[in-house]
Amino acid sequence: MAACISSTSLPTAIRYAATTLDIFIDAIRLRPRTRSSLRGHSTNCNAGHAAPTADATDGELPASDLLSRFSGIMKLFPNRSRTFFPEPGAKPFQSDPFHYNLLMKAFSRAGRPDEVLRLFREMKESKCDPNVLCYTTVIDALVASNRSDEAEKVFEEMIDSGVTPDAASFTVLVKFYSFYLRKFDSACEIIRWMVRSGCDPDVVTYSTLIAGLCRAGMVEEAWGVLDQMLQGNCSPNAHSFAPFLQAYCSQGKIEAAIRLMESMRSIGCPPDSVAYNILINGFCKHGYFNEAAHLLENCVSDGWEPDAVTYNTYISGLCKVGRAEDAFKQLEMMLQKKLCPTVVTLNIVLDSICRESTVWEGNHHLERSLELGLEVDVVSYNTIITRLCDIGKLSWVLKLVTDMIKKGISPSTETFNIMIRSLCKAGKFRKAKCIFTSRGFVADTITCNILIHEFYMAGKIVELHNLLSGVDMDKIRPDSITYNTIIDCLCKKGKFLEAINYLRSVEDGFPSEAVAHLAYGLVRGRKIGELLNLFEEMLSQGLVLDGQAFSHLIIAFCRNGSCQSREIYKVCLVLDKMLGIV
DNA sequence: ATAGGGTTAG
C-alpha cells in the first residue's frame, strides 16, 4: 500500500503534515490546540461517553488491566529486534551491485518504490552495472506498488542491456499478472516465454500462479496448474498448498481444508506452521474454537511448532468473539513457549480493549505503550482512530494524527480512508473532499469504494464524478467490492437497467459475487423478468451460475415476504434455470 | 532469494 507521505524522514513528514493538517484542521473547523487545551476540551465531550478526565489519563484505569498485563509480558523481552527501515536518501555501504541490492530490498520492504528507483538510477549513473538480482528487486518493488508500466519498462531494459533474466525475474512478472492483475492468460504466456528462453519454471513460479488463481476463486484451475507442475517433474512444497488451504478456509469449507492437510502429510509434504496458521484462522473465523484448541494441544505429536503468528491468529479469533480472558491465557502460553509478542499482538489487544471497554481506554493504553517503550505502529493509531471516528470524536482524531506524526509515524492511506468514511457518514462531504484532494494523499481502491458508496447514496453524483475524474485509474483498479458497491447503489436508486448494463461492462465476464448482488437487487426491486433474462444470457454464453447467486436470491425473496406468496414459483423457475432444467 | 499465514479502512 502506498504511503501518503513519500518520505519517512521526520522533518519532511512534519513539513508535509503541516500542509495536510492545515487542510484537515480547516476541514473540521478546529484550531490547532495545545495538549492542555485538548484535555480541557475532553471534559466537554465527556457527556454520554466515558472520556478520560485529566485524572483518568494520569492514573490507572480501574476497568481493565489488560495492558499492564500485556506490557508485563512484553518487558520479559528486552532485546526485541525491530524491523530495519532505512532513512530516505540512504547510500549503500559499498558501491557494488550486492550492497545496492541490499538497500533497495530494504526500501522495497518499507513500501518506498521511489527510493528504490533513486538507488537504481544512482547505480547506473555511477557506472555500477545492475545484475539480475538488482533488476528483479526494482521490478518487484514496482509491481508491489501497482506501477505496471514502469515494471515492464525495467524488464525490457534488463533484456536490452544484455542481462539474462532468471527464474526469479520471470516469477516476479508471473506474480504481477496472476496475483495483481488476474490476467492468467498473460501469466501463462510468461511461463511459455520462460521455457522458450531455456529457463524452466520452478516450484516458486508455479506456486505463485496457484496463489493468484486461488485468490481469484479459481480453485479448479489452480489444481490444473498443480497437475502441470507434477508432469513437469517439479515437486510441490508447503507453499504450493497454502493457497488452496486459504481458499477452502475463506469459503468455509473447513472439512476440505482438513482433508487437504491430511493429503499433504500422505504425499510426504507435511503441513508447516503457515499451513496450520491458515487452518487455525479458518477455524476461528467459522467458530470452530474447540478444534483450534485441539490443534494447539496436539502440536508436538503432530510434528509442528506454533509461532508468534499462530498465537496472534488465535488470540485475535478469541478477541473477536469477546473471549478476552481466554485470549490472555493464550498470551501467557505464548510467553511460556518463549515466543515474543509483536506489535501485531499489541494491536489485537488494543482493538479488543476498544470494543470491549471504551475507545478512551484503548487510547489510554496506546499512550501507556508509548511510555513503556513498546513498539507502536501506524496500525495501532489507525485502530484507535477508527473507534474515535465511530463515535464522532473528530477533535480527538486530529490530536492522534498530530501525535503520530510527532512520533515519526506517517499516517497511511488507511488512516485517511478511515477519516474520509467517517466524515461522509456524518454528512460532512465538503470536509471529506478536502482530505481527498489534499496534496500528497494517495488514494487507493478502498478510498474510491468509500467515495462511490457515500457520495452516490447521498445523491451527489456530479461531485462524485468530479472527484473520481482526478484519479489515475490505471493505478487504481476496481476490485470485486467496487463492482458490488456500484451494483448495490444503482439498485437501491431503482436504476436496474443501468445495474444490468454495468455488470455486462465488467471486464472479468460476470463475476459471481457481482451477479449475486445484482440478483438480490433485482428481486428486491421485483424485477424477476429482467433477472431471468440475465440468467438466460449468461447460460447462453456457457457461464455457470453458482450457489451464491441463488442464496442471495432466496434472502431477497424472504425479505420481500414473497415466500408465502404465489411468487415463490418464480424462485423455483430461477432455480431450474440455474440447474439448466429449463 | 522470486512464492504462502496474523492486526486497522470499503
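Quick note on labels: first sequence line is chain A, next is B, and so on, each numbered from 1.
- Closest to the side chain of A/Thr386, from the set B/dA1, B/dA3, B/dT8, is B/dT8.
- A straight line from CH2 of A/Trp304 to C1' of B/dG4 spans 15 Å, rounded to a whole angstrom.
- Here B/dA9 is the nucleotide among B/dT8, B/dT7, B/dA9 with the atom lying nearest to any side-chain atom of A/Arg421.
- Of the candidate nucleotides B/dG4, B/dA9, B/dA3, B/dA3 has the atom lying nearest to any side-chain atom of A/Asp140.
- Closest to the side chain of A/Lys320, from the set B/dG4, B/dA9, B/dT8, is B/dT8.
- Under the 3.5 Å distance criterion, with hydrogens and angles disregarded, no donor-acceptor pair is assigned to the side chains of A/Asn101 and A/Asn131.
- Counting only heavy atoms from C-beta on, A/Thr208 has its side chain closest to B/dA3 among B/dT7, B/dG4, B/dA3.
- Ring centroids of A/Trp193 and A/Phe155 are separated by less than 6.0 Å, placing the two rings close together.
- The distance between atom CG of A/Leu213 and atom C1' of B/dA3, rounded to the nearest whole Å, is 14 Å.
- Nearest to the side-chain atoms of A/Asn417 among the listed nucleotides B/dA9, B/dA1, B/dT8 stands B/dA9.
- When each of B/dG4, B/dT7, B/dA9 is scored by its nearest atom to the side-chain atoms of A/Glu414, the top-ranked nucleotide is B/dA9.
- Between the P atom of B/dT8 and the CG atom of A/Leu346 lies a distance of 13 Å, rounded to the nearest Å.
- For A/Lys285, taking side-chain heavy atoms from C-beta onward, the closest of the listed nucleotides B/dA3, B/dT7, B/dT8 is B/dT7.
- The aromatic ring of A/His239 is not stacked on the base of B/dG4, since the criterion of ring centres less than 5.5 Å apart with planes inclined by under 30° is not met.
- Rounded to whole Å, atom P of B/dA1 lies 15 Å from atom CG of A/Leu103.
- Rounding to whole angstrom units, CG of residue A/Asp307 and P of B/dT7 are separated by 14 Å.
- When each of B/dG4, B/dA9, B/dA3 is scored by its nearest atom to the side-chain atoms of A/Val203, the top-ranked nucleotide is B/dA3.
- Ring pair A/Trp304/A/Tyr276 is parallel by interplanar angle, where below 30° counts as parallel and above 60° as perpendicular.
- Scanning all heavy atoms of the two residues, the minimum distance from A/Ala458 to A/Phe429 falls at CB-CZ, 3.5 Å.
- Distance, A/Leu318 CG to B/dT7 P: 13 Å, rounded to whole Å.
- For the pairing with A/Asn382, the side-chain hydrogen bond (donor to acceptor under 3.5 Å, both in side chains) check across A/Asp377, A/Asn347, A/Thr415 returns one residue only, A/Thr415.
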